[in-house]
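Input: a single structure, listed below in structure tokens.
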Amino acid sequence: MDTNPQLPRIGFIGLGIMGRSMAGHVLAAGHPLCVYNRSRDKADELVGRGARWCDSPGDVAAASDIVITMVGYPADVEQIYLGEGGIVERAAAGTLLVDMTTSSPSLARRIAEAARAKGCAALDAPVSGGDVGAREARLSIMVGGEPADLERARPVLERMGTSIVLQGGPGTGQHTKMCNQIVIASTIVGVTEGLAYARSAGLDPATVLQAIGGGAASGFQLNVLGPRIIAGDFAPGFFIEHFLKDLGIALGEAAQMGLELPGLALARGLYEQMAARGYGRDGTQALIKLYRH
Ligand code: NAP
């Protein structure tokens with residue numbers, strides 16, 4: 001695929017379920033693209049389409065105008081940004097760093113400070129919309145940082161998402177993502193229990209979904225994950241182990257604010273049972289396994 005050298009050079013790190021689709025949209029838009037992922041094979045398809053492989057996150061940063069990251073956990077984010085030879089150390093002054101991983105607000109603030117000290121800028125820009133939203137470039141992107149930096153990133157973010165909203169300074173994108181995860185946590189428990197009830201009542205869950213999926217209960221968890229639950233398709237769109245990471249961040253932040261969230265704590269307890277049974281690499285819809293009898 002031909003790239004347009006007039007467009008900003010993008011570096012993309014983390015090519016898993018979400019990142020590989022997101023990076024693919026950036027490449028399709030004509031940006032020169034360098035990529036890195038912990039397991040190299042996940043970059044093969046993008047490299048085949050014209051992306052350039054780099055051997056480390058630092059090498060990606062040194063070759064890019066805008067660096068975008070979509071890794072797994074806060075520990076991964078900290079390592080690639082703040083570790084020795086990492087993104088902040090290797091990026092040239094003026095580089096814009098955009099972390100789209102779901103990570104902690106306090107780490108986002110630390111990265112923004114470290115970036116500023118190097119003459120760079122950083123945004124935290126986590127997303128919602130799932131594997132489907134990433135594939136169809138319909139993500140909702142929640143941004144923390146400076147308005148001028150968002151305007152610089154916006155043309156690239158628009159390749160991946162349809163809603164891009166600045167929430168405030170560094171860390172506020174991640175806080176907003178926690179609001180999203182808190183809503184999802186109790187919703188997926190409700191969807192699961194509604195479908196478990198349907199089965200126990202002798203109803204056809206598909207017919208139930210047809211009826212309630214268009215009413216007040218409708219939404220991503222019911223309408224997208226409901227059919228996967230009914231089909232017994234537990235492949236990860238969103239790993240349970242990543243959801244547990246998010247619930248831990250949200251409960252930790254809430255505790256620091258003196259806020260009790262019993263619904264969220266209940267959802268975490270249920271997902272901890274799933275992880276203890278070895279289902280951490282299933283998708284979140286696999287919660288139905290707890291209700292089988
Ligand atoms: P994923 O499939 O595990 O992708 C993460 C990728 O990052 C993996 O390919 C992993 O490499 C790579 N990686 C991790 N640490 C790295 C490092 N230090 N250096 C280089 N690459 C590294 O997970 P995902 O579902 O795409 O999710 C990514 C993030 O988005 C998570 O924080 C998740 O919570 C969040 N999120 C996910 C969804 C969703 O529906 N899936 C929706 C919104 C937000 P390997 O290939 O070696 O594992």
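Read the numbers this way: they start at 1 and go in the same order the structure lists the ligands and their atoms. What's counted below: heavy atoms across the whole structure, side chains too, no hydrogens, waters or symmetry copies. Keep in mind it's a predicted model, so treat the numbers as computed, not measured.
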Self-check item: Option whose closest heavy atom lies nearest to atom 14 (C) of ligand 1, chosen from Arg38, Arg20, Glu241, Arg40
Solution: Arg38
Ligand 1 atoms in contact with [X] (distance to a heavy atom under 4.0 Å):
X      : result
Ile80  : 17 (C), 18 (N), 19 (N)
Asp131 : 40 (O)
Thr101 : 32 (O)
Gly130 : 40 (O)
Tyr36  : 19 (N), 20 (C)
Lys42  : 9 (O), 45 (P), 46 (O), 48 (O)
Gln79  : 18 (N)
Gly237 : 39 (C), 40 (O), 41 (N)

Quiz item: Can Asp41 and Ser39 be counted as having a side-chain donor-acceptor contact under 3.5 angstrom?
Solution: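 No donor-acceptor contact under 3.5 Å links the two side chains.
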Which residue and heavy atom of the protein sit nearest [atom], plus the separation:
atom                    : answer
atom 5 (C) of ligand 1  : Met70 O, 3.8 Å
atom 47 (O) of ligand 1 : Ser39 OG, 2.4 Å
atom 23 (O) of ligand 1 : His242 CE1, 3.1 Å
atom 34 (O) of ligand 1 : Lys245 NZ, 2.7 Å

Quiz item: Between Met18 and ligand 1, which part of the residue brings a heavy atom under 4.0 Å of the ligand: side chain, backbone, both or neither?
Solution: both
Could you pull out every donor-acceptor pair under 3.5 Å between side chains of residues 244-260 and any protein atom, sequence neighbours left out?
{"from": "Lys245", "atom 1": "NZ", "to": "Gly72", "atom 2": "O", "distance (Å)": "3.3"}
{"from": "Lys245", "atom 1": "NZ", "to": "Thr102", "atom 2": "O", "distance (Å)": "3.0"}
{"from": "Asp246", "atom 1": "OD2", "to": "Gln181", "atom 2": "NE2", "distance (Å)": "2.7"}

Quiz item: Is the number of heavy atoms from other residues, nucleotides or ligands under 6.0 Å of Glu84 CD greater than 12?
Solution: no
Quiz item: Pairs in or reaching into residues 61-110: which pass ring pair (Phe, Tyr, Trp, His ring centres under 6.0 Å), with residues at least two apart or in two chains?
Solution: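 Matches after skipping sequence neighbours: Tyr73-His242.
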Quiz item: With a 4.0 Å cut-off on heavy atoms, is Gly72 touching ligand 1?
Solution: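 Checking ligand 1 against Gly72, which is what was asked, there is a heavy-atom contact under 4.0 Å.
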Quiz item: Checking Gln221 side chain against Ile188 main chain: does a donor-acceptor pair fall under 3.5 Å?
Solution: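 Side chain of Gln221 to backbone of Ile188, a donor-acceptor pair under 3.5 Å: no, none is there.
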Flag [X] as yes when one of its N or O atoms lies below 3.5 Å from any N or O atom of ligand 1, and as no otherwise.
X      : value
Gly14  : no
Lys177 : no
Ile13  : no

